[in-house]
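Working notes, beginning with the structure itself.
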Amino acid sequence: MDVEKTVREYIEKSAHLSLATVNSDKPWVCEVHFAYDKDLNLYFRSLKSRRHSQEIAHNPHVAGSIVKQHKLGEYPHAIFFEGTAAIIESDEERQKVFPYFEARLGTGASALEDARRDDGHQFYKITVENWYAFGRFGGSSGQKYTLKWNGHRLG
């Protein structure tokens, strides 16, 4: 099975992901709308005051899942990831990632102005280290497939 191809096709069909953070051995999960680039970096916007944003500031390690809803009796399919997240501080970097939000989520240019305010929604980047696909992507049984990643296929 081509895990990279599966990940690329699957994330195109989903607008939000579940993001897991941790602080003092206490996990937290939230939902965020996301965009992504050709290197499969994930991006989201959030306020610095949100719990997940505060936890990322103290511990950048994150994990998450991208799951399309399914009905009872249907076999679930999901994409999971592990990586690190960081706030995008520079206006130059925000300008580079903004088109991903605009094209995918219809985000208006006011998002850039908002991010310049300390109390505005900030842009965050998740650098994925490992992707996982779980489900019947490659056949009739549920199986977990792994793709080592860091901006490119690692093996």
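Nothing fancy with the numbering, it's 1 onward along the sequence.
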Report the distance from atom [atom1] of [X] to atom [atom2] of [Y], rounding to the nearest 0.5 Å.
X    : Y   : atom1 : atom2 : result
I126 : L19 : CD1   : CG    : 5.0 Å
S53  : H58 : OG    : NE2   : 11.0 Å
L40  : R8  : CG    : CZ    : 4.0 Å

Restricting to non-hydrogen atoms, name the atom on [X] and the atom on [Y] that form the minimum distance, rounded to 0.1 Å.
X    : Y    : answer
V62  : T21  : CG1-CG2, 4.0 Å
Y10  : I66  : CE2-O, 3.1 Å
L47  : D119 : CD2-O, 3.4 Å
F34  : I11  : CZ-O, 3.8 Å
Y43  : Y36  : CD1-CA, 4.1 Å
A111 : F98  : CB-CE1, 4.3 Å

Would you say the side-chain atoms of [X] pair up with the backbone N or O of [Y], donor to acceptor, closer than 3.5 Å?
X    : Y    : answer
Q122 : R117 : yes
T6   : D2   : yes
D37  : D39  : yes

For residues 77-84, tabulate all N or O donor-acceptor pairs below 3.5 Å that involve a side-chain atom, not counting sequence neighbours.
unit_1	atom_1	unit_2	atom_2	d
H77	ND1	Y75	O	3.4
H77	NE2	R136	N	3.3
E82	OE1	N130	ND2	3.1
E82	OE1	Y132	OH	2.6

Query - Criterion side-chain contact (heavy atoms from CB on, under 4.5 Å) on I88 and K96, from CA distance to verdict - result: CA-CA 10 Å; I88 297 174; K96 288 180 184 176; over 6 Å; no
Query - Residue pair I87 / I56, side-chain heavy-atom distance below 4.5 Å - result: no
Report task. Give me the ring orientation class for F101 and F123: parallel if the planes are under 30° apart, tilted from 30 to 60°, perpendicular past 60°. Result -> perpendicular
Query raised in the report: Hey, are S46 and Y124 close enough side-chain-wise for a donor-acceptor pair under 3.5 Å?
Result: no
Report task. Any salt bridge (charged side-chain N to carboxylate O under 4.0 Å, His left out) involving residues 9-19? Give me the pairs, sequence neighbours left out, ordered by first then second residue. Result -> K5-E9
Query - Test side chain to side chain contact (heavy atoms under 4.5 Å, CB included) applied to W28 and H52, Q54, R50, the passing residue - result: H52
Query - More than 12 heavy atoms from other groups under 6.0 Å of CZ on R94 - result: yes
**Report entry** side chain to side chain donor-acceptor pair (under 3.5 Å) against E31, all qualifying residues, sequence neighbours excluded
**Finding:** H16, S18
Query - salt bridge (charged side-chain N to carboxylate O under 4.0 Å, His left out) against R51, all qualifying residues, sequence neighbours excluded - result: E55
**Report entry** K68: salt bridge (charged side-chain N to carboxylate O under 4.0 Å, His left out) partners, not counting sequence neighbours
**Finding:** none
Requested in this report: Answer with yes or no whether the hydrophobic clustering places V97 together with L105; edges join I, L, V, M, F, W, Y residues whose side-chain heavy atoms lie under 4.5 Å apart.
Outcome: yes
Requested in this report: Write out all pairs satisfying side-chain hydrogen bond (donor to acceptor under 3.5 Å, both in side chains) with one or both partners inside residues 102-113, taking only residues at least two apart or from two chains.
Outcome: E113-R116
